[in-house]
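Just so you know, ligand 1 is whichever comes first in the structure, and atom 1 is the first atom listed for that ligand. Note that this is a predicted model, so its numbers are computed, not measured.
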Amino acid sequence: MSNAATYSDNYLSDWHQQAVTLQNNINQTILGQENIIELMVLAIFCRGHILLEGDVGVGKTTLLRAAAESLGGDFERIEGTIDLMPHDLVYYTHISSDGKPAVSEGPLLKHGEDLSIFFFNEINRARPQVHSLLLRVMAERSVTAFNKTFHFPHLQVFADRNRIEKDETFELPAAARDRFMMELHIKQPKAEAQLKELMFNTRYYDADKLVDSADKAVLPFNQLNDIATAIQSQIHASDAVQDYAYHLCQALRRPQDYNIQISDVDSEKLVLGGMGPRGISYLARCARANAWLKQRNNVIPEDFHAVIRAISKHRIFLNPVYNYNGEAIIEELISGVLNTIPSP
Ligand SMILES: Nc1ncnc2c1ncn2[C@@H]1O[C@H](COP(=O)(O)OP(=O)(O)OP(=O)(O)O)[C@@H](O)[C@H]1O
């Protein structure tokens with residue numbers, strides 16, 4: 001299959017340049033996370049929500065703030081706490097300057113249609129009632145309050161959660177995790193030079209200053225929906241590539257049908273649930289966006305390989321007997337699938 005074809009449409013190439021600028025901008029702020037940043041850029045151009053998870057102090061919040069600042073539009077941030085209630089996102093009550101009780105629009109409502117990024121820090125510290133409201137907002141980009149429906153057509157939710165601290169937290173249910181296009185796992189950089197840089201370069205000591213140093217609003221955020229639609233309609237997937245992607249998804253769901261062997265695991269009983277239609281369509285959309293970012297007008301198997309982990313891992317549910325080693329097994333399953341399904 002040829003992967004040399006490049007798209008000719010000016011609209012797509014102008015936007016490609018802007019996507020590269022966005023990517024470089026975030027990379028200049030955050031050290032050693034090139035792969036994660038590339039995936040975030042893909043999610044942004046597919047209009048997908050992102051959940052970031054990692055160890056403590058690895059720069060999750062700083063990365064999400066840097067991405068939000070670079071994107072432009074109005075930005076709102078909320079801290080997940082155990083006492084946060086759904087209405088705290090929608091309105092708050094206070095005593096106004098004339099001494100009377102008053103109700104004002106909360107973080108979700110106050111920016112109207114200009115709300116571009118809703119950043120939910122430590123999402124798993126918030127209660128399930130709050131998660132449910134957020135789910136609706138993520139799925140429908142709207143919320144009903146004061147007898148009226150408010151719309152946020154440009155909204156993208158970025159959330160993070162700490163991988164280590166699980167006390168007094170509320171795990172996100174499967175349905176909530178499925179609404180996130182990608183779940184990204186961030187680790188500290190491995191390279192000695194980068195770790196020394198993070199240790200000794202004062203630039204990285206103050207996250208506020210660091211985020212402030214990035215160029216702001218490098219994209220017209222309110223046109224992202226249009227470019228996302230154009231990418232999906234103009235980047236093609238041949239029948240052979242569609243077959244390939246179909247079998248990737250099937251094999252992740254039913255590895256036994258593809259004779260995929262995983263050490264010490266009964267493949268017949270391994271997977272309880274895999275990617276549903278939302279997940280597989282996210283996979284196809286991100287593969288198209290990846291082809292576009294690599295300046296091709298056709299999708300190739302490598303486009304699926306680039307995004308499959310970020311999209312499928314949080315959608316694969318194992319038989320509980322394998323949960324003790326779940327992460328390693330899912331990784332082995334994905335590698336097994338990629339090695340087994342023949343590329344067209
Ligand atoms: N890869 C990185 N690039 C730039 N700065 C980093 C990086 N990793 C950590 N830092 C710096 O470390 C500090 C902590 O970062 P941050 O608060 O974003 O981490 P976190 O993962 O969100 O922490 P927590 O787990 O407590 O929520 C900040 O000053 C940030 O600038």
Side-chain angles (χ1 to χ4, degrees), residues 20-44 49-72 75-84 88-89 107 116-127 130-131 134 156-172 176-177 180-218 309-310 313-314 327:
V20 172
T21 307
L22 173 74
Q23 199 171 339
N24 292 343
N25 203 27
I26 309 174
N27 272 315
Q28 274 162 20
T29 314
I30 303 295
L31 196 67
Q33 301 295 352
E34 293 79 3
N35 185 34
I36 295 279
I37 290 169
E38 181 155 319
L39 289 165
M40 283 179 75
V41 169
L42 292 176
I44 287 167
H49 309 293
I50 300 173
L51 180 63
L52 205 61
E53 188 185 70
D55 293 346
V56 180
V58 289
K60 299 183 294 296
T61 315
T62 315
L63 170 57
L64 292 181
R65 283 177 60 197
E69 295 274 351
S70 304
L71 265 181
F75 166 71
E76 195 56 57
R77 171 178 170 158
I78 193 155
E79 303 297 320
T81 55
I82 196 161
D83 56 354
L84 188 75
D88 294 325
L89 274 59
S116 156
I117 300 290
F118 192 72
F119 174 26
F120 207 125
N121 203 24
E122 302 239 39
I123 190 170
N124 54 339
R125 293 204 180 280
R127 288 169 179 277
V130 178
H131 297 162
L134 191 72
Q156 195 168 8
V157 173
F158 289 176
D160 86 346
R161 68 174 171 182
N162 187 312
R163 193 174 70 92
I164 295 187
E165 272 187 292
K166 297 285 183 200
D167 290 346
E168 294 193 349
T169 60
F170 299 91
E171 256 328 297
L172 291 176
R177 295 174 75 187
F180 287 94
M181 177 174 270
M182 290 185 183
E183 208 169 287
L184 300 176
H185 294 255
I186 176 166
K187 299 191 175 104
Q188 65 174 27
K190 283 207 179 80
E192 181 180 326
Q194 287 176 330
L195 285 174
K196 284 185 182 159
E197 186 82 358
L198 285 174
M199 244 174 127
F200 292 104
N201 189 338
T202 54
R203 173 175 151 74
Y204 298 106
Y205 290 1
D206 183 334
D208 291 337
K209 273 198 195 148
L210 184 63
V211 171
D212 239 20
S213 69
D215 289 342
K216 307 266 181 305
V218 298
R309 288 181 170 80
K313 272 188 173 178
H314 62 290
E327 266 182 46

(request) Say whether, by atom type as modelled, one donor and one acceptor occur between the side chain of His314 and the main chain of Leu51 under 3.5 angstrom. (result) no

(message) Salt bridge or not between Glu69 and Arg65? Use side-chain N to carboxylate O under 4.0 Å.
(response) no

(request) Keeping the roles fixed (side chain from Asn124, backbone from Thr169), state whether a donor-acceptor pair exists under 3.5 Å. (result) no

(request) Kindly give the heavy-atom pair with the smallest separation between Gln156 and Ile44, and that separation in Å. (result) NE2-CA, 3.4 Å

(message) Any salt bridge linking Glu171 with Arg177? Criterion: basic side-chain nitrogen under 4.0 Å from a carboxylate oxygen.
(response) no

(request) Check whether more than 12 heavy atoms from other residues, nucleotides or ligands sit under 6.0 Å from atom NZ of Lys216, and answer yes or no. (result) yes

(request) Kindly tell me which protein residues have any non-hydrogen atom under 4.0 angstrom away from an atom of ligand 1, grouped by chain and ordered by number? (result) Thr29, Ile30, Leu31, Asp55, Val56, Gly57, Val58, Gly59, Lys60, Thr61, Thr62, Asn162, Leu198, Tyr204, Tyr205, Ala207, Leu210

